[in-house]
Amino acid sequence: MLLDRVQVSGPNVEYRDDVIEASFEHWRSLLVDVASAPCVQTECSTYRFRTERHVPGKLGLLLVGWGGNNGSTLTGAVVANREGIQWRTRDGVQAPNYYGSIVMASTVRVAEYMGEEVYAPLRALLPMVHPNQLVIGGWDMNSADLAAGMRRAAVLDYDLQRQLEPYLVNMTPMPSIYYPDFIAADQADRADHVLPSEDKQKHLQQIRDDIRRFKVENELDKVIVLWTANTERFSEIIPGVNDSASNLLHSIATSHNEVSPSTIFAVASILEGCPYINGSPQNTFVPGCIELAIQENVFIAGDDFKSGQTKYKSVVTDFLVSAGFKPLSIVSYNHLGNNDGKNLSAPSQFRSKEISKSNVVDDMVASNELLYRPNESPDHVVVIKYVPSVGDSKRAMDEYTSEIFMGGRSTIVTHNTCEDSLLAAPLMLDLVLLCELCTRISYKTEEMEGFEHFHPVLSILSYLLKAPMVPDGTPVVNALFKQRAAIENLLRICVGLPPENDLRLEYRRNPGGSRK
């Protein structure tokens with residue numbers, strides 16, 4: 001059974017006109033007396049969650065790299081859904097949807113009725129923005145309008161492109177920032193729509209002005225900025241340059257050559273009070289940028305969309321380690337022909353991607369010291385090649401070799417054809433919609449005087465990112481189902497539902513047991 005809306009009745013939740021308030025007892029386990037007699041001790045904290053029920057009628061979304069494959073695909077898909085555009089393929093008439101989005105196309109178990117489990121869409125638990133309410137704009141270093149960008153990307157079916165063109169042809173990106181040192185040299189031929197001069201302070205101010213103007217012209221209360229542009233090389237972390245908020249701002253003012261375009265966009269967004277999401281693998285959030293976000297209390301999230309091969313890898317590795325098998329080697333190869341693949345053919349940009357793809361198994365390996373000694377890990381190799389003829393239809397091949405019972409070996413080989421942008425676009429929507437929701441959720445513990453928002457490093461979005469950022473001192477979780485459970489359970493406790501644990505004790509009781 002599927003419910004289209006959910007309202008919970010219980011002692012832990014109160015629905016008011018403006019907010020939903022819910023209380024939750026959070027139990028955690030701590031290791032104590034480690035030196036003498038190690039003991040696991042449990043402790044409980046009571047949280048009070050408050051969610052504002054008012055959803056903005058329109059939500060602004062500014063994409064850096066708007067005219068690229070991801071940006072044009074996302075924009076075209078939102079228009080198709082909003083306008084109800086259908087199109088013909090050789091398989092028949094197709095209708096628009098938001099498949100691939102956990103917010104729009106996944107369900108959660110909320111109850112049972114006469115022995116049947118009852119589900120509801122994830123989005124039905126709390127008031128959320130619908131993707132059709134998005135007002136989309138952005139920047140691009142190429143001057144092509146969105147219709148031309150869509151044709152160049154060649155992601156959407158031709159009949160759909162034909163019908164979308166009148167809607168997209170008048171959407172033109174704002175000029176972007178281009179520092180050739182940060183992206184591959186083969187991108188120079190696209191850079192015909194860039195901000196003049198090399199003055200990074202002027203660039204920062206221009207991006208801030210663009211955000212303000214977009215907000216005013218479209219009568220928006222909230223804007224979220226998302227980087228979906230080229231992968232940059234890593235920025236060097238230099239004391240006195242980008243290691244603190246004040247140093248980073250000074251380095252922008254003096255146009256230091258180690259300040260990247262993505263960091264300038266992030267700083268501009270933070271100073272304008274707009275959440276910023278990094279969808280590429282570079283280290284946009286240098287220490288000074290993170291410190292600035294904390295000072296300004298603005299959400300940031302990253303890094304790198306987790307849409308295909310890496311998402312699958314986090315599932316398979318978790319399965320193997322959890323089942324007691326020992327992965328010895330994980331070898332990942334993929335080739336693609338879109339502009340992302342072209343940019344990644346340069347060594348510095350590939351290195352950024354290699355780092356984000358390689359760390360995805362670390363927490364799963366560290367979780368089982370029965371299999372792995374300290375500092376031991378599987379051989380992990382990542383290869384990416386540019387093959388223009390495959391376009392956006394990326395091929396991913398993986399080989400997992402594991403040690404099994406009594407010294408045996410098991411090898412799993414997989415081939416995955418990933419439509420790169422059709423996987424990334426719904427993921428981008430989830431990042432934006434969940435980020436907006438988090439701006440309306442606050443919490444309070446018994447020790448706190450008032451309600452506060454979550455930590456500015458928004459780690460709850462880890463499910464959607466290859467190399468999830470977390471606050472200092474926080475464990476990094478890459479296991480996919482743990483990450484999704486964190487999102488689902490947060491929404492559940494905000495409406496007074498218990499976290500999902502699948503114990504189902506009521507069905508495991510002995511029918512012949514004694515009763516009082």
Side-chain angles (χ1 to χ4, degrees), residues 15-21 49-64 66 71 74-75 77-79 81-82 98 101 103-104 122-139 171 173-174 204-228 265-279 292-301 428-444 450-458 460-461 464 490-491 494-495:
Y15 287 79
R16 303 208 298 265
D17 289 343
D18 55 344
V19 298
I20 303 170
E21 285 204 7
F49 287 92
R50 176 181 289 171
T51 306
E52 297 173 18
R53 301 184 73 175
H54 174 71
V55 175
K58 297 185 294 183
L59 174 64
L61 171 59
L62 284 170
L63 300 174
V64 188
W66 188 23
L74 173 66
T75 306
V78 169
V79 171
N81 275 276
R82 183 187 297 146
Y98 284 117
S101 160
V103 171
M104 299 301 298
L122 183 72
R123 67 179 183 272
L125 292 179
L126 288 170
M128 297 188 69
V129 173
H130 193 284
N132 292 355
Q133 296 170 266
L134 291 175
V135 179
I136 305 175
W139 302 266
M171 297 183 183
M174 296 176 282
L204 173 66
Q205 188 58 52
Q206 182 61 58
I207 301 305
R208 294 186 66 178
D209 291 344
D210 290 343
I211 294 171
R212 292 175 191 169
R213 185 174 64 255
F214 178 75
K215 202 170 183 179
V216 170
E217 289 177 352
N218 293 284
E219 299 179 332
L220 302 167
D221 293 326
K222 292 181 183 178
V223 172
I224 294 174
V225 181
L226 186 149
W227 176 279
T228 183
F265 274 101
V267 169
S269 302
I270 292 166
L271 293 176
E272 290 302 312
C274 299
Y276 184 88
I277 301 167
N278 177 32
L292 183 66
I294 293 171
Q295 288 177 0
E296 299 293 326
N297 201 24
V298 176
F299 286 141
I300 57 174
M428 292 159 66
L429 289 174
D430 285 338
L431 284 164
V432 171
L433 301 182
L434 289 169
C435 182
E436 189 284 325
L437 173 63
C438 287
T439 67
R440 291 184 285 113
I441 297 176
S442 54
Y443 72 94
K444 181 178 182 294
F451 284 84
E452 294 182 2
H453 291 291
F454 296 128
H455 192 287
V457 177
L458 199 55
I460 195 68
L461 301 181
L464 305 157
L490 174 62
L491 270 62
C494 283
V495 292

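Any value given below was found using the heavy atoms of this structure, including those in side chains, with hydrogens, waters and symmetry copies removed. Everything numeric in this text was worked out from a predicted model, so none of it was measured.
We find the SG-CD1 distance between C435 and I300 to be 10.5 Å, quoted to the nearest 0.5 Å. Within the model, atoms CZ of F265 and CG of L62 stand 9.5 Å from one another, a figure rounded to the nearest 0.5 Å. Remark: I270 CD1 to Y276 OH distance equals 9.0 Å, nearest 0.5 Å. Here the straight-line distance linking atom CG of L490 with atom SG of C494 works out to 4.5 Å at 0.5 Å rounding. To the nearest 0.5 Å, atom CG of residue L220 and atom SG of residue C274 are 10.0 Å apart. L63 contributes atom CG, which lies 12.0 Å from atom CH2 of W227 (distance to the nearest 0.5 angstrom).
Side-chain atoms of V298 and S269, non-hydrogen and from C-beta on, never get closer than 4.5 Å to each other. By the 4.5 Å heavy-atom criterion applied to side chains, T228 and L74 are not counted as neighbours. With a 4.5 Å cut-off on side-chain heavy atoms, R123 and L433 do not count as touching. Between T439 and I224, the closest side-chain pair of non-hydrogen atoms is not below 4.5 Å. With contacts defined as side-chain heavy-atom distances shorter than 4.5 Å, the pair L437/L491 qualifies.
Shown here are the ring-ring contact (aromatic ring centres under 6.0 Å, His included) partners of W66, two or more places apart in sequence or in another chain: there are none. Partners of R82 by salt bridge (charged side-chain N to carboxylate O under 4.0 Å, His left out), not counting sequence neighbours: none found. For the salt bridge (charged side-chain N to carboxylate O under 4.0 Å, His left out) test, residues two or more places apart in sequence or in another chain that qualify with K222 are E436. Residues forming a salt bridge (charged side-chain N to carboxylate O under 4.0 Å, His left out) with D221 (at least two apart in sequence, or on another chain): none.
Partner of D209 under the side-chain hydrogen bond (donor to acceptor under 3.5 Å, both in side chains) criterion, out of Q206, R213, Q205: Q205 alone.
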Exercise for the section: Determine, stepwise, if the pair K58 / E219 fulfils side chain to side chain contact (heavy atoms under 4.5 Å, CB included). Expected result: CA-CA 8 Å; K58 297 185 294 183; E219 299 179 332; 4.2 Å; yes
Practice task
Step by step, work out the side chain to side chain contact (heavy atoms under 4.5 Å, CB included) result for I277 and F299.
Solution key: CA-CA 8 Å; I277 301 167; F299 286 141; over 6 Å; no
Practice task
Report the C-alpha distance between E452 and Y443 in whole Å, list the side-chain angles of each, state the deciding distance to 0.1 Å, and finish with yes or no for side chain to side chain contact (heavy atoms under 4.5 Å, CB included).
Solution key: CA-CA 5 Å; E452 294 182 2; Y443 72 94; 4.2 Å; yes
Handout entry: Check against side chain to side chain contact (heavy atoms under 4.5 Å, CB included), V223 and N218
Key = CA-CA 10 Å; V223 172; N218 293 284; over 6 Å; no
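F451 and F49 get closest at one heavy-atom pair: CE2-C, 4.3 Å.
Applying the salt bridge (Lys or Arg N to Asp or Glu O under 4.0 Å) definition to pairs two or more places apart or across chains, those involving residues 269-278 are R208-E272, R212-E272.
Judged by distance alone, with hydrogens and angles left aside, the side-chain atoms of R53 form a donor-acceptor pair with the main-chain N or O of R16 at under 3.5 Å. Looking at D430, its side chain does come within 3.5 Å of a backbone N or O of V103 through a donor-acceptor pair.
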N/O donor-acceptor pairs under 3.5 Å from side chains in residues 124-138, not counting sequence neighbours:
| from | atom 1 | to | atom 2 | distance (Å) |
| --- | --- | --- | --- | --- |
| H130 | ND1 | N132 | N | 3.0 |
| N132 | OD1 | Y98 | OH | 2.6 |
| Q133 | OE1 | H130 | N | 2.7 |
| Q133 | NE2 | P56 | O | 3.2 |
| Q133 | NE2 | G57 | O | 3.2 |

